[in-house]
Amino acid sequence: MSDVPHLTLNNGVQIPQLGFGVWQVPPDQAAESVRLALDAGYRHIDTAAAYGNEEGVGQAIRDSGVAREDVFVTTKLWNADHGRAGEAFDVSLRKLGLDYVDLYLIHWPRPDQDRYVEAYRAMEKKLSEGRARAIGVSNFHQPHLEKLLENTDVVPAVNQIELHPGFPQEELRAFNAQHGILTEAWSPLGQGKGLLEDPQLTKIAGEVGRTPAQTVLRWHIQLGNIVFPKSVTPSRIRENLEVFDFELTDDQMAAISALPGGRIGANPETATF
Ligand code: NAD
């Protein structure tokens with residue numbers, strides 16, 4: 001069982017710094033993948049209503065024998081539901097088959113809809129009722145966060161954003177930190193493809209005697225990011241957890257930060273899905 005450190009959210013709740021992401025894990029594979037992850041020692045699962053696999057995630061947690069309070073579960077409000085966040089939250093909880101979630105996020109701000117303040121207000125109510133232990137946002141840029149901070153009472157516990165070598169999001173990380181908002185890095189491995197074959201990264205991985213994926217995850221951990229790499233391959237699920245027994249030097253950290261790349265996913269400012 002690996003020793004994943006915990007970080008403390010701005011309301012005192014503890015979150016394992018490394019978890020397991022299930023985007024694109026098909027619904028009929030979700031229970032098996034989450035079971036493998038829990039067996040390997042993961043205690044933090046990141047899902048979303050939009051992933052269509054909340055039932056499998058919840059089933060794996062309930063069947064695992066791991067105490068509910070020992071697993072940190074995040075799910076997210078989908079974009080079409082900003083005007084009915086309370087009901088959408090209840091549906092997610094029902095699909096998960098849980099009494100509460102640890103973290104509930106607005107998945108995307110969708111500034112064109114301009115309903116995220118209304119959604120967050122409904123989430124504050126779930127927080128006060130103890131149905132969510134913490135609430136936060138995802139894909140929020142500084143102007144979206146500023147508007148939310150001005151118009152709501154609870155500072156988001158996290159902002160979950162695309163972040164990986166080649167797209168280190170330094171300004172947004174700094175803004176989050178200034179406001180006591182922890183940064184969660186989505187697609188922490190840059191979705192695997194080009195990044196993990198980069199020759200500079202491969203060289204550094206050789207220096208520390210680790211795989212490129214472990215080296216990238218270690219970079220995130222040392223930056224203070226929360227990560228939840230996704231894999232359905234048992235050996236990789238285990239490999240991605242083994243990142244707490246080595247360290248990158250300052251020079252190695254800087255070299256990884258400077259790798260080429262850029263945004264892979266949608267731009268939150270213009271996304272219309
Ligand atoms: P990721 O960066 O975790 O990459 C996953 C891919 O990398 C896998 O499909 C596999 O091909 C490869 N991989 C994984 N482990 C490997 C290893 N050890 N060696 C070699 N290759 C490996 O990408 P992701 O799934 O996009 O992101 C992780 C999680 O972030 C998601 O599952 C989800 O929970 C979250 N996420 C959130 C948002 C959002 O809008 N909030 C968007 C995307 C992802």
Side-chain angles (χ1 to χ4, degrees), residues 2 15-27 29-30 33-34 36-37 40 42 44-54 56-57 72-79 101-110 116 136-141 144 156 158-169 172 176 182-198 201-202 205 210-221 225-243 259 261 263-273:
S2 102
I15 181 169
Q17 194 180 358
L18 188 145
F20 184 67
V22 296
W23 179 43
Q24 292 178 326
V25 177
Q29 268 187 50
S33 294
V34 172
L36 285 170
Y42 289 80
H44 170 179
I45 312 293
D46 184 88
T47 185
Y51 302 169
N53 55 24
E54 288 169 312
V57 168
F72 191 100
V73 182
T74 299
T75 193
K76 312 185 191 87
L77 173 72
W78 188 237
N79 303 343
V101 291
D102 296 277
L103 182 60
Y104 193 56
L105 305 180
I106 299 180
H107 206 147
W108 293 83
R110 283 292 305 266
Y116 57 80
V137 296
S138 177
N139 297 302
F140 273 45
H141 285 174
H144 316 135
V158 309
N159 186 14
Q160 181 178 128
I161 55 176
E162 180 181 345
L163 199 172
H164 42 78
F167 196 57
Q169 295 260 35
L172 192 48
N176 289 341
L182 292 185
T183 298
E184 295 193 331
W186 66 251
S187 294
L189 301 173
Q191 299 181 6
K193 296 160 205 133
L195 172 63
L196 299 182
E197 283 141 34
D198 180 281
L201 176 66
T202 315
R210 295 301 175 123
T211 66
Q214 289 173 321
T215 306
V216 169
L217 293 171
R218 182 68 210 176
W219 173 83
H220 283 285
I221 294 297
N225 299 334
I226 298 164
V227 283
F228 20 80
K230 172 250 170 186
S231 177
V232 291
T233 310
S235 59
R236 287 176 172 174
I237 290 176
R238 289 191 297 275
E239 170 187 329
N240 292 344
L241 197 56
E242 302 304 324
V243 298
L259 289 177
R263 190 190 290 284
I264 302 170
N267 185 335
E269 203 59 62
T270 51
T272 51
F273 41 76

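Each ligand, and each atom within it, is numbered from 1 in the order the structure gives. The first residue of the sequence shown is numbered 1, and numbering continues consecutively from there. Everything numeric in this text was worked out from a predicted model, so none of it was measured.
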If you take the nearest heavy atom of each of [options], which one is closest to [atom]?
{"atom": "atom 23 (O) of ligand 1", "options": "Ala48, Ser187, Pro212", "result": "Ser187"}
{"atom": "atom 37 (C) of ligand 1", "options": "Gln160, Glu162, Gln191", "result": "Gln160"}
{"atom": "atom 39 (C) of ligand 1", "options": "Phe228, Phe20, Trp186", "result": "Trp186"}

On a heavy-atom basis, which atom in [X] and which in [Y] lie closest, and how many Å separate them?
{"X": "Arg263", "Y": "Pro268", "answer": "NH1-CD, 3.4 Å"}
{"X": "Tyr42", "Y": "Leu241", "answer": "OH-N, 3.7 Å"}
{"X": "Leu18", "Y": "Pro229", "answer": "CG-CD, 4.4 Å"}

Go through ligand 1 atom by atom and flag the ones less than 4.0 Å from a non-hydrogen atom of [X].
{"X": "His107", "answer": "39 (C), 40 (O), 41 (N)"}
{"X": "Asp46", "answer": "33 (C), 34 (O), 35 (C)"}
{"X": "Gly21", "answer": "32 (O), 34 (O)"}
{"X": "Pro229", "answer": "3 (O)"}
{"X": "Glu239", "answer": "17 (C), 18 (N), 19 (N)"}
{"X": "Ala213", "answer": "17 (C), 18 (N), 19 (N)"}
{"X": "Gly190", "answer": "2 (O)"}

Backbone, side chain, both or neither: what part of [X] comes under 4.0 angstrom of ligand 1, heavy atoms only?
{"X": "Asn240", "result": "side chain"}
{"X": "Asn139", "result": "side chain"}
{"X": "Lys230", "result": "both"}
{"X": "Tyr51", "result": "side chain"}
{"X": "Pro188", "result": "both"}

Does a side-chain heavy-atom distance below 4.5 Å link Leu217 with Gln214? no
Could Asp46 and Lys76 be called an ion pair, given the rule that one side-chain N must be under 4.0 Å from one carboxylate O? yes
Hey, does the side chain of [X] reach the backbone of [Y] with a donor-acceptor pair shorter than 3.5 angstrom?
{"X": "Asn240", "Y": "Ser231", "answer": "no"}
{"X": "Asn176", "Y": "Thr183", "answer": "no"}
{"X": "Arg236", "Y": "Lys230", "answer": "no"}

Any donor-acceptor pair under 3.5 Å linking the side-chain atoms of Thr47 with those of Asn53? yes
Side chains of Thr202 and Glu197, donor plus acceptor under 3.5 Å: no
Measure the distances from the heavy atoms of [X] to every atom of ligand 1 and state whether one is below 4.0 angstrom.
{"X": "Leu196", "value": "yes"}
{"X": "Trp108", "value": "yes"}
{"X": "Gly265", "value": "no"}

I'd like to know whether the aromatic ring centres of His107 and Tyr51 sit less than 6.0 Å apart in this structure. yes
